[in-house]
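For reference, the structure discussed in these notes is given below.
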Amino acid sequence: MKKAKKTKAANAEAGENTGKKKGGKKKLLLIPVALVLVAAVAAAAVLFILPRFGIDLLNRELTPEEQLEEPIPKKGVEAYTVGEDTVPSLDTVLLEGDGELIALRSPGKSKGDSSTGVDSRFTYIYELNSFADVMNRYKDILMGSEQGFVITDETYLVQEEVPELQDAEGVLIFVRNAAEEGRLFQLVIGWSQSSANLAVRVSAPEGKLSYPKKETEEDKRQEPSSVSMQMEQLRSMPPSQLGLPGDTMDTYTIFPVDGFVKVDGLECRRFNVYEKDNPGSIAGTYLFSVDQEHIYVLEPSTNTVSTIK
């Protein structure tokens with residue numbers, strides 16, 4: 001796939017990497033760390049969520065202890081690497097006119113981290129003309145069988161649906177198990193059309209992937225029904241099934257009673273049924289289990305119940 005040609009602007013690192021304007025370029029953004037694709041939510045993530053991760057987008061210059069600026073290779077970078085983990089870079093999907101890598105930040109070394117250690121975090125910043133198209137191509141590579149990444153939220157919970165990408169702004173977190181046990185290989189990618197920038201944060205944090213719980217048939221059966229669902233089922237039954245005269249429940253009015261009653265260990269709602277022609281007299285009282293599988297009729301004189309379904 002043909003790569004974008006790099007321009008001399010890629011060498012003007014000082015202005016770009018500190019968040020200051022260089023010529024006509026807009027201020028650079030670091031990446032948000034939250035799975036959001038709606039503009040208002042993304043803005044909230046910038047202002048409130050990101051500072052908790054030590055990421056400030058409001059033009060704060062990074063100290064040498066935090067991040068070190070690195071020279072940008074003339075042909076961009078072929079791969080992102082942390083420790084023993086590597087993945088093809090975003091540069092490998094860029095076509096002529098898509099954009100280019102304009103800044104590269106590697107971990108500060110004053111805290112004892114090796115520039116190639118698993119605790120290192122690297123940030124690659126690109127200036128792009130179209131975000132959704134580029135990210136859709138890159139997403140297909142990352143999530144293909146060869147690379148095996150999945151999309152997660154910030155807690156490493158795998159997302160079952162792939163979001164529809166938008167040019168305006170967005171954040172995606174790609175994760176797979178790292179070479180070192182107990183760690184994950186993570187790419188957090190965020191972009192903003194207002195800045196024309198996209199950033200890729202590459203790291204290998206400690207963690208473990210988790211998956212959404214699959215709903216079983218048993219779970220579905222145990223999910224409690226609503227009052228309206230139970231009333232609809234009662235209305236659809238022939239009166240004879242409830243021990244009532246008539247051909248249709250349209251001649252009756254059903255009223256639910258607040259609270260639950262247990263019958264045979266089942267949570268049941270109580271329903272009083274009245275004849276519309278005789279509203280002051282109860283035609284029948286029924287206890288309907290919230291799983292909608294059992295209906296009992298109450299005998300008021302003996303306060304006992306019998307099963308009718």
Side-chain angles (χ1 to χ4, degrees), residues 34-45 47-49 52 150-166 170-173 207-309:
L35 186 61
V36 289
L37 292 174
V38 180
V41 179
L47 294 174
F48 304 112
I49 297 177
R52 299 206 302 265
V150 293
I151 294 176
T152 76
D153 64 9
E154 65 272 19
T155 67
Y156 313 132
L157 176 66
V158 175
Q159 305 299 292
E160 294 184 314
E161 295 185 5
V162 176
E164 182 178 348
L165 306 186
Q166 303 176 13
V171 181
L172 290 174
I173 303 176
K208 182 180 179 181
L209 288 172
S210 60
Y211 295 84
K213 181 183 176 182
K214 297 292 184 181
E215 188 178 34
T216 65
E217 290 301 320
E218 181 65 23
D219 292 330
K220 294 177 182 178
R221 287 195 295 270
Q222 292 179 354
E223 184 176 346
S225 57
S226 65
V227 173
S228 59
M229 291 170 62
Q230 289 184 298
M231 289 182 66
E232 186 63 30
Q233 184 170 337
L234 289 173
R235 289 194 187 99
S236 67
M237 297 173 66
S240 59
Q241 192 171 349
L242 297 174
L244 299 172
D247 299 324
T248 173
M249 289 298 293
D250 290 342
T251 59
Y252 295 91
T253 302
I254 303 172
F255 284 101
V257 178
D258 288 341
F260 293 90
V261 177
K262 275 202 170 182
V263 181
D264 294 336
L266 300 173
E267 292 283 348
C268 299
R269 288 191 178 97
R270 178 173 172 170
F271 296 88
N272 290 334
V273 177
Y274 299 84
E275 291 185 50
K276 290 184 178 179
D277 293 339
N278 188 16
S281 176
I282 297 177
T285 297
Y286 302 89
L287 303 177
F288 196 174
S289 63
V290 294
D291 63 5
Q292 293 185 273
E293 296 292 332
H294 305 277
I295 300 177
Y296 306 90
V297 60
L298 176 66
E299 302 292 343
S301 60
T302 60
N303 199 35
T304 60
V305 297
S306 56
T307 305
I308 60 173
K309 178 186 176 184

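Taking 4.5 Å as the limit, some side-chain heavy atom of V227 sits within range of a side-chain heavy atom of R269. Under the 4.5 Å side-chain criterion, counting only non-hydrogen atoms from C-beta, I151 is in contact with P163. For the pair P256/F271, a side-chain contact is recorded, criterion being any heavy-atom separation below 4.5 Å from C-beta on. You'll find the side chain of I295 reaches within 4.5 Å of the side chain of M237, heavy atoms only. Using a 4.5 Å cut-off on side-chain heavy atoms (C-beta onward), L234 and Y252 make no contact. A heavy-atom distance below 4.5 Å is not found between the side chains of V261 and Y296. Looking only at side-chain heavy atoms (C-beta outward), L165 and L172 come within less than 4.5 Å of each other. The closest side-chain heavy-atom distance from L157 to T152 is not below 4.5 Å.
Only one option out of I308, L298, N272 pairs with Y286 in a side-chain contact (heavy atoms from CB on, under 4.5 Å); it is I308.
Counting heavy atoms of neighbouring residues, nucleotides and ligands inside a 6.0 Å radius, atom NZ of K262 does not exceed 12 of them.
Listed for the K276 side chain is a donor-acceptor partner under 3.5 Å among the backbone atoms of D250. Judged by distance alone, with hydrogens and angles left aside, the side-chain atoms of D153 form a donor-acceptor pair with the main-chain N or O of T155 at under 3.5 Å. With hydrogens and angles ignored, the 3.5 Å screen pairs no side-chain donor or acceptor of E160 with any backbone N or O of Y211. Listed for the S225 side chain is a donor-acceptor partner under 3.5 Å among the backbone atoms of V290.
Taking NE2 of H294 as the start and CZ of F288 as the end, the distance is 10.0 Å to the nearest 0.5 Å. I254 CD1 to M249 CE: the interatomic distance, rounded to the nearest 0.5 Å, is 4.0 Å. Note: D291 CG to Q230 CD = 9.0 Å, rounded to the nearest 0.5 Å.
Here Y274 pairs with F255 under the ring-ring contact (aromatic ring centres under 6.0 Å, His included) rule; sequence neighbours left out.
For the pair P239 and P245, the tightest heavy-atom approach, listed with the atom from each and the gap, is CB-O, 3.6 Å.
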